[in-house]
Amino acid sequence: MRVSRLFGKTLREVPSDADTISHQYLIRAGMINQLTSGVYSLLPLGLRVLVKIEDIIRDEMNKAGGQEVLMPVLHPREIWQKSGREAGFGETLFHLKDRRGHDLVLGPTHEEIITDLVSRYVQSYRDLPQLLYQIQVKLRDEPRPRGGLLRVREFIMKDLYSFDVDDQGLDISYKKMKQAYINLYSRCGLPALLVDADSGAIGGKDSQEFMLVANSGEDEIIVCDKCQHAANVEKMVSVKKIIAPEDGLPMEEVATPGLTSIEQISKFLKVAPDHTLKAVLYVADGNLVMTVIRGDLEINEIKLKKALHCTELGLAGENDLSAAGIVAGFVSPVRLKTKLKIVADDSVCVGPNFVAGGNKKDTHIKNVRFQRDFTVDVIQDIAKARAGDACPECGGLLSSVRGIEVGHIFKLGTALSEKLGARFLDETGVSKPIVMGCYGIGVGRMLAAAIEQNHDDKGIIWPLPIAPYQVHICGLYMDNPKVIEATEKLYQDLQDQGIEVLFDDRLESPGVKFNDADLFGIPFRLTVSPRTLEGNNVEYKRRTEKKAQIIPLAGLVDYLKTQFNA
RNA sequence: CGGGGUGUAGCGCAGUUGGCUAGCGCGCAGCGUUUGGGACGCUGAGGUCGGAAGUUCAAAUCUUCUCACCCCGACCA
């Protein structure tokens, strides 16, 4: 491709509404263009990267035994009602009506459709297992699109679904996919971190995410430095510091005027935060609930949601509290007049005499003890794991990194197949629901994440396997006949060898060309000028390196090929 | 949905105590001189000042309504 003909234009200035690095560079390099919030066009350069990622994914899916299909984006609403997941997706689902007034939905994912499809063709255990996938657009009315391609409303996803006769079969499919994912990220030059995850709205049992480590990542990952155990904070089990038990003392009210935070209380009463109780009120599916946790810990809302089996969870507001007759700032499970469901973290049931709120203004209570002074309805781990905690697997030290979720694999089980009637007859003639798994990759997000992970202050640094082109020819002084001749020949020769090349044939100043080359981020740059031509040389520079070197034109192709494989 | 912010030329911005023909930089077109890390001169094209209604002799500027986009929070690939 010649830069003079390339559709898209580079920008010198950072677009005002882009503050994520990948977003800025994608726009500045002319790789994407925004149509409306969370909806983008891919321009030729951007699309080439996307297609390369897709090709690698496709190859790994096929190798793992997957068969490619293509399902519709337009779904009848009934199928979502039948599966019971319409409510779960809620507002995220795009709805529309056809001319006959039939309700349709734009597919946010395809479990329903594939399950329906499979149910029509699979009757016997002999038809199983199956691995079916597609690479296709998904539509989700996200509450908040952000960061360019990182979080959008219309996106390309590779989704594979596995169908097995039993859990053992599912385990095999799951393992195959996990390996295929590991392979494909590494083949893209984007090694991903495998972390335990919460299965979220889709539900199911085991679930793991593939994360690209990047500072701009939305997710926090907790990793053990010793055994490499890693999990999304949402999921990581919290190993709490053990507090030595103390003999019980009688409860004692203390005046704590205006002191509402754990920090203030612990300073004022000279007790460590881990000797206090924190009570936080939430509204879960419309009902007020109280959580209790040791003062030095934080509530993990995902775990809490699970403990409550609720779909909507939010912090209670002032109005919710006063309506229930609860005094904000001095909330506590002790001497609580209002009848509330109470969920406690397991940190509160052992240990010392705690300081807790008094449930009246400007009052706290000392020497509070679990069971003697208060009881709860649910007790389990609802605490957020933190860097510095001990690893639940090996006791090693946990640390925290940020990551971008670029893949997610789930064991779904039989919930959906039962609802949608996807069943088979086993060897003994018994009808059983098919055991399912699902495996997704956000392709566009991967593209953006690749930039988040691989860039410098001049532009993108594409890993070779997904770079839009492999080689970038910079012809300097393109009005010089010798340069024209040499670059045209080089351009042709490289292409004849099957090398993908972007040829900057514009009559621009060297500075403009070098800056654009850095912005595009193509891995190998060849500069040709009257100066290099004097010795029949070209200047060779890798995007990852600062310094260039002069190498002879003769044998250049072979040299490049060795560098590709290095 | 709650909170914060922004809409003026393709991009980045100024102009907003109401007042002349709405400016500047980049980019774009033409000509010339240049050019190894975003050159320079001259000439030129390009604007529903997000939209609607209102106030006024006069609105980018004031009022009301409205739309869009971005950022921070609850969700996900």
Side-chain angles (χ1 to χ4, degrees), chain A residues 8-20 23-24 27-28 30 33-39 57 88-92 108-109 135-159 181 192 197-202 207 209-212 218-219 232 234 282-283 301-302 304-305 311-315 317 404-410 438-449 458-459 474-480 483 507-519 525 527-532 539 541 546 548:
Chain A
K9 214 162 254 179
T10 57
L11 261 31
R12 293 190 188 199
E13 276 162 313
V14 181
S16 63
D17 57 0
D19 51 23
T20 308
H23 191 193
Q24 292 177 358
I27 291 177
R28 285 190 51 209
N33 183 262
Q34 180 172 19
L35 213 215
T36 183
S37 181
V39 180
I57 293 174
F89 275 88
E91 300 256 82
T92 306
T109 178
I135 297 177
Q136 203 236 33
V137 79
K138 298 282 183 272
L139 293 133
R140 298 184 187 175
D141 198 356
E142 287 287 335
R144 186 155 91 83
R146 80 184 87 160
L149 253 33
L150 282 176
R151 184 177 204 75
V152 292
R153 298 193 296 170
E154 176 178 324
F155 60 100
I156 305 287
M157 182 188 196
K158 185 288 303 178
D159 44 330
Y181 271 46
D198 183 77
S199 49
I202 294 182
S207 156
E209 290 166 337
F210 288 82
M211 294 280 189
L212 290 191
E218 288 187 282
D219 289 276
N232 197 308
E234 296 172 351
Y282 284 89
V283 176
E301 294 184 3
I302 303 287
L304 176 59
K305 222 167 159 176
T311 51
E312 286 286 322
L313 181 74
L315 276 173
I404 300 166
E405 181 189 347
V406 290
H408 201 159
I409 58 180
F410 300 84
C438 73
Y439 316 84
I441 295 176
V443 187
R445 183 183 279 181
M446 244 177 106
L447 183 157
K458 298 295 248 175
C474 265
L476 303 189
Y477 314 99
M478 283 306 291
D479 48 356
N480 179 315
V483 175
L507 185 55
E508 285 285 352
S509 72
V512 170
K513 295 195 163 206
F514 291 145
N515 279 297
D516 278 347
D518 287 343
L519 184 58
R525 189 183 80 190
T527 305
V528 178
S529 71
R531 191 199 290 177
T532 67
E539 182 194 277
K541 183 182 162 301
K546 286 243 155 49

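Taking atom P on both B:U61 and B:G7, the two are 13 Å apart, rounded to the nearest angstrom. For the P atoms, the distance from B:U16 to B:U63 is 15 Å, rounded to whole Å. Atom P of B:G41 sits at a distance of 46 Å from the matching atom of B:G4, rounded to the whole Å. B:A77 sits 36 Å from B:U8 when the P atoms are compared, rounded to a whole Å. On the P atoms, B:A59 is 46 Å away from B:G32, given to the nearest whole Å. Distance check on atom P: B:G12 versus B:G19 gives 26 Å, rounded to whole Å. With P as the reference atom, B:G23 and B:A45 are 13 Å apart, rounded to whole Å. A gap of 16 Å separates the C1' atoms of B:C49 and B:C62, to the nearest Å.
Atom CD1 of A:I27 is separated from atom C1' of B:G27 by 16 Å (rounded to the nearest Å). Rounded to an integer number of Å, the gap from CZ of A:R151 to P of B:G73 is 11 Å. Atom pair A:L212:CG and B:A77:C1' shows a separation of 12 Å (rounding to whole Å applied). Going from atom CD of A:E508 over to atom P of B:G38 covers 13 Å, rounded to whole Å. Between A:M478 atom CE and B:U35 atom C1' the separation is 14 Å, expressed in whole Å. One atom, CG of A:L149, and another, C1' of B:C76, lie 15 Å apart when rounded to the nearest Å. Taking atom CG on A:L150 and atom P on B:C72, their separation rounds to 11 Å, with Å as the unit. Across the protein-nucleic acid pair, A:I409 atom CD1 and B:A77 atom C1' stand 13 Å apart, rounded to whole Å.
Heavy atoms of A:E91 sit nowhere under 4.0 angstrom from any nucleic acid atom. Contact annotation for A:R28: base contact, defined as any heavy-atom pair under 4.0 Å involving a base atom. Using a 4.0 Å heavy-atom cutoff across all strands shown, A:D19 reaches sugar-phosphate atoms only and no base atom. Residue A:N480 is classed as having no contact, given no heavy-atom separation below 4.0 Å to the nucleic acid. Counting non-hydrogen atoms under 4.0 angstrom, A:P530 reaches nothing in the nucleic acid. Using a 4.0 Å heavy-atom criterion, one finds that A:Y477 contacts the bases of the nucleic acid, with or without backbone contacts as well. Counting non-hydrogen atoms under 4.0 angstrom, A:G30 reaches nothing in the nucleic acid. Using a 4.0 Å heavy-atom criterion, one finds that A:V152 contacts the bases of the nucleic acid, with or without backbone contacts as well.
Nearest to the side-chain atoms of A:F155 among the listed nucleotides B:G36, B:A77, B:G73 stands B:A77. For A:K305, the side-chain atoms get nearest to B:C75 when compared with the rest of B:C75, B:G38, B:C69. Closest to the side chain of A:P510, out of B:C70, B:C75, B:G36, is B:G36. Checking B:C75, B:A74, B:G38 against the side-chain heavy atoms of A:E218 singles out B:C75 as nearest. Closest approach to the A:T532 side chain among B:G36, B:G27, B:C69 is made by B:G36 (side chain taken as heavy atoms from C-beta onward). For A:N515, whose side chain is taken as the heavy atoms from C-beta onward, the closest listed nucleotide among B:G38, B:G36, B:C70 is B:G38.
Under a 3.5 Å cut-off, the side chain of A:R153 and the backbone N or O of A:L139 do not form any donor-acceptor pair. In terms of modelled atom types and a separation under 3.5 Å, the side chain of A:R140 and the main chain of A:T92 share no donor-acceptor contact.
When side chains are defined from C-beta on, A:T527 does not count as touching A:T532, because their heavy atoms never get closer than 4.5 Å. Contact annotation: the side chain of A:E154 approaches that of A:V137 to within less than 4.5 Å [non-hydrogen atoms, C-beta and beyond]. With contacts defined as side-chain heavy-atom distances shorter than 4.5 Å, the pair A:K458/A:N515 qualifies. The closest side-chain heavy-atom distance from A:I404 to A:D219 is not below 4.5 Å. Taking the side chain as every heavy atom from C-beta outward, A:V443 and A:M157 never approach each other to under 4.5 Å. Residues A:L476 and A:F514 have side chains in contact (heavy-atom distance under 4.5 Å, counting atoms from C-beta outward).
In this view, A:R151 and A:E142, A:E218 satisfy the salt bridge (Lys or Arg N to Asp or Glu O under 4.0 Å) rule, not counting sequence neighbours. In this structure A:T10 satisfies the side chain to side chain donor-acceptor pair (under 3.5 Å) test together with A:D516, sequence neighbours excluded. Among residues two or more places apart in sequence or in another chain, the ring-ring contact (aromatic ring centres under 6.0 Å, His included) test is passed with A:Y439 by none. Partners of A:K513 according to the salt bridge (Lys or Arg N to Asp or Glu O under 4.0 Å) rule, which considers only residues two or more places apart in sequence or in another chain, are A:D504.
Residues A:Q24 and A:D19 have side chains that never bring a donor and an acceptor to within less than 3.5 angstrom of each other.
Within the shown strands, B:G12 is the pairing partner of B:C24 under the Watson-Crick or G-U definition, both distances less than 3.5 Å. Applying the Watson-Crick and G-U wobble criteria (two distances, each under 3.5 Å), B:U63 pairs with B:A53. Base pairing of B:G37 is not made with any nucleotide, judged by Watson-Crick or G-U wobble geometry with both donor-acceptor distances under 3.5 Å. Across every strand in view, B:G2 sits in a pair with B:C72 that passes the Watson-Crick or G-U test at under 3.5 angstrom. For B:C42, the paired base is B:G30 (Watson-Crick or G-U wobble, both distances below 3.5 Å). In a base pair of the Watson-Crick type (N1 to N3 plus N6-O4 or O6-N4) or a G-U wobble (N1-O2 and O6-N3), with each distance short of 3.5 Å, B:G47 is matched with no nucleotide.
A:A448 approaches A:L150 most closely through the heavy-atom pair CB-CD2, 3.8 Å.
No aromatic stack links A:F514 and the base of B:G36, using centre distance under 5.5 Å and interplanar angle under 30°.
Residue A:D219 places a side-chain atom within donor-acceptor reach of the base of B:C76, judged by atom type and a 3.5 Å distance cut-off alone.
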Could you list, one pair per line, each protein nitrogen or oxygen that sits under 3.5 Å from a nitrogen or oxygen of nucleotides 39-50 of chain B, together with the distance?
| unit_1 | atom_1 | unit_2 | atom_2 | d |
| --- | --- | --- | --- | --- |
| B:A39 | OP2 | A:S509 | OG | 3.4 |

- Message: Does the protein touch nucleotides 7-13 of chain B at the base, only the backbone, or not at all? Give it as B, S and - per nucleotide, heavy atoms under 4.0 Å.
- Response: ----BSS

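Residue-to-nucleotide proximity on RNA chain B shows that, of A:P143 and A:S529, the 5′-proximal contact is made by A:S529. Of the residues near RNA chain B, A:T36 and A:I302, the one whose nearest nucleotide (by heavy atom distance) lies more toward the 5' end is A:T36.
Checking the phosphate oxygens (OP1, OP2) of B:C70, no side-chain nitrogen or oxygen of A:R146 falls inside 4.0 Å. Residue A:K138 has no polar side-chain atom (N or O) positioned under 4.0 Å from OP1 or OP2 of B:C76.
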